[in-house]
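Every chain is numbered from 1, with letters handed out A, B, ... down the list of sequences.
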2 protein chains.
Amino acid sequence: MEIAILGTGTVGRTLSEGLARHGHRVTVGTRDPEATRARDEAAFEGVTLRTFADAAADAELVILATSGQAALGVIEAAGPSRLAGKVLIDVANPLDFSNGFPPSLSVCNTTSLGEQVQAAAPEAKVVKALNTVAAPVMIDPASVAGGDHTLPICGDDAEAKATVTALLAELGWRDVLDLGPISGARATEAYLLLWTRLYAARQSAAFSIKVVS
Amino acid sequence: MEIAILGTGTVGRTLSEGLARHGHRVTVGTRDPEATRARDEAAFEGVTLRTFADAAADAELVILATSGQAALGVIEAAGPSRLAGKVLIDVANPLDFSNGFPPSLSVCNTTSLGEQVQAAAPEAKVVKALNTVAAPVMIDPASVAGGDHTLPICGDDAEAKATVTALLAELGWRDVLDLGPISGARATEAYLLLWTRLYAARQSAAFSIKVVS
């Protein structure tokens, strides 16, 4: 699949590598491709860097992999019209580190970043996914508990969620749990308040949760 | 142990039954013991009902098992001085159902009900615990996944957390995870946003999460 990843941080680079490994043609979107490459030649060796708009324009599926703070600006830079009709996986978390660690959320409870992203790109089919695990776990779920853990997703479009679930299965995700409409992002983003404390208690990001009954 | 449970709802009644089964002397606190008994004779058969203040006064350990909305009023009714020096397990969740299901939280993100309870009873040793599972799971963790799942707790007093962990072990809890100070309640209460959506997706409250690595 032609996949555009918006964001050149750890999450964007990790997803780019993981999806390319599974045969997808990945383009990474950034504000200024030349400046990004000049900043760290090694990190972007072999990576196709384009502007947010160009990356989004030619992709079949787009992944928003920026910080929560940058997310809505990047959607605007990509251009909502270029995202229209496309599956948009929102991996961003609205973490606010202004008071240090653990972070609080910059938006929560009665709305969510996922809903704001959907509102900013109303014709995109936004699926909130992968935001509940660290980057290495996103592309290699088997690295945690042999892959036996749960990934909650949500979104308003059932077909888009099926597309995302199939893509996740390629990466090794076998317990993908549909929480319903995009407002479920209130739940999976708020889970970051727990994730960050679990991270601190365990001194490691190599974990996940399994919903058991 | 002499245990006072504040609250006569499902959680209070279930905890009362479960702890009595393990040999503890349980008193249930309510605003008006006679009125509570008159409302449902059968539900309180064999249960010692006293006022919040009387129940708290004679207990070694107190459990706050009210709705989130009622919690601070009940602490006031019990009397902070009667809670001084005692372990106070806070099971309440600040759920706001005013806009229906799923609920939002009436307090979250940069504070929590757990912290408010600690502030209202400053000399009590508040431990937030058991608020992440449904009442039947609280007293019978083995009913879910053979008991192999995680209960996050938090509180400012290490000795109090050890007391609570030992009490939880009697009930069958063997993966109790200490998240640190009482501000961890921001995490475990916010998890209810996820719990309620998992409950809706699974159509059952008989579940929990296991932290895996």
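Within residues 198-213 of chain A, the residues having any heavy atom under 4.5 Å from a heavy atom of chain B are, by residue number, A/Leu198, A/Ala201, A/Arg202, A/Ala206, A/Phe207, A/Ser208, A/Ile209, A/Lys210, A/Val211, A/Val212, A/Ser213. Within residues 128-139 of chain A, no residue approaches chain B closer than 4.5 Å by heavy atoms. Along residues 82-118 of chain A, the residues that come nearer than 4.5 angstrom to chain B, judged on non-hydrogen atoms, are A/Ser104, A/Leu105, A/Cys108, A/Asn109, A/Thr110 in order of number.
Between the A/Lys161 side chain and the A/Asp178 main chain, no donor and acceptor come within less than 3.5 Å of each other. Using a distance-only test at 3.5 Å, with no hydrogens or angles considered, no donor-acceptor pair links the side chain of B/His24 to the main chain of B/Ile3. Judged purely by atom type and a 3.5 angstrom limit, B/Asp157 has no side-chain atom pairing as donor or acceptor with the backbone of B/Lys125. A/His22 places no side-chain N or O within donor-acceptor distance of the main-chain N or O of A/Leu171, the cut-off being under 3.5 Å. Side chain of A/Ser16 to main chain of A/Gly12: no donor-acceptor pair is present (N/O by atom type, distance under 3.5 Å, no hydrogens or angles).
A/Arg197 and B/Thr188 share no donor-acceptor pair across their side chains, judged by distance under 3.5 Å alone. For the 3.5 Å distance criterion, the side chains of A/Arg31 and A/Thr36 fail to qualify, holding no donor opposite an acceptor.
Pairing each heavy atom of B/Ala53 with each of B/Ala77, the nearest pair is CB-O, 3.8 Å. Of all non-hydrogen atoms in B/Val11 and B/Ala65, the two that sit nearest each other are CG1-CB, 3.8 Å.
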Checklist entry - Would B/Arg39 and B/Phe44 count as a side-chain contact (heavy atoms from CB on, under 4.5 Å) if you check the C-alpha gap in whole Å, the side-chain angles of each, and the deciding distance to 0.1 Å? => result CA-CA 9 Å; B/Arg39 202 163 52 236; B/Phe44 296 103; 5.6 Å; no
Item to check | A/Arg13 and A/Val47: CA distance, side-chain angles, deciding distance, side-chain contact (heavy atoms from CB on, under 4.5 Å) verdict | outcome: CA-CA 9 Å; A/Arg13 292 204 307 266; A/Val47 173; over 6 Å; no
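A/Glu17 meets the side chain to side chain contact (heavy atoms under 4.5 Å, CB included) test with A/Arg21; sequence neighbours excluded.
Within the 4.5 angstrom heavy-atom criterion, atoms from both the backbone and the side chain of A/Ser183 approach chain B.
Taking 4.5 Å as the limit, some side-chain heavy atom of B/Leu64 sits within range of a side-chain heavy atom of B/Val74.
By the neighbour-count criterion of 12 heavy atoms within 6.0 Å, atom CD of B/Glu2 is densely surrounded, having more than that number from other residues, nucleotides or ligands.
Ranked by heavy-atom pairs under 4.5 Å with chain B, the list A/Gly146, A/Pro152, A/Gly184 is led by A/Gly184.
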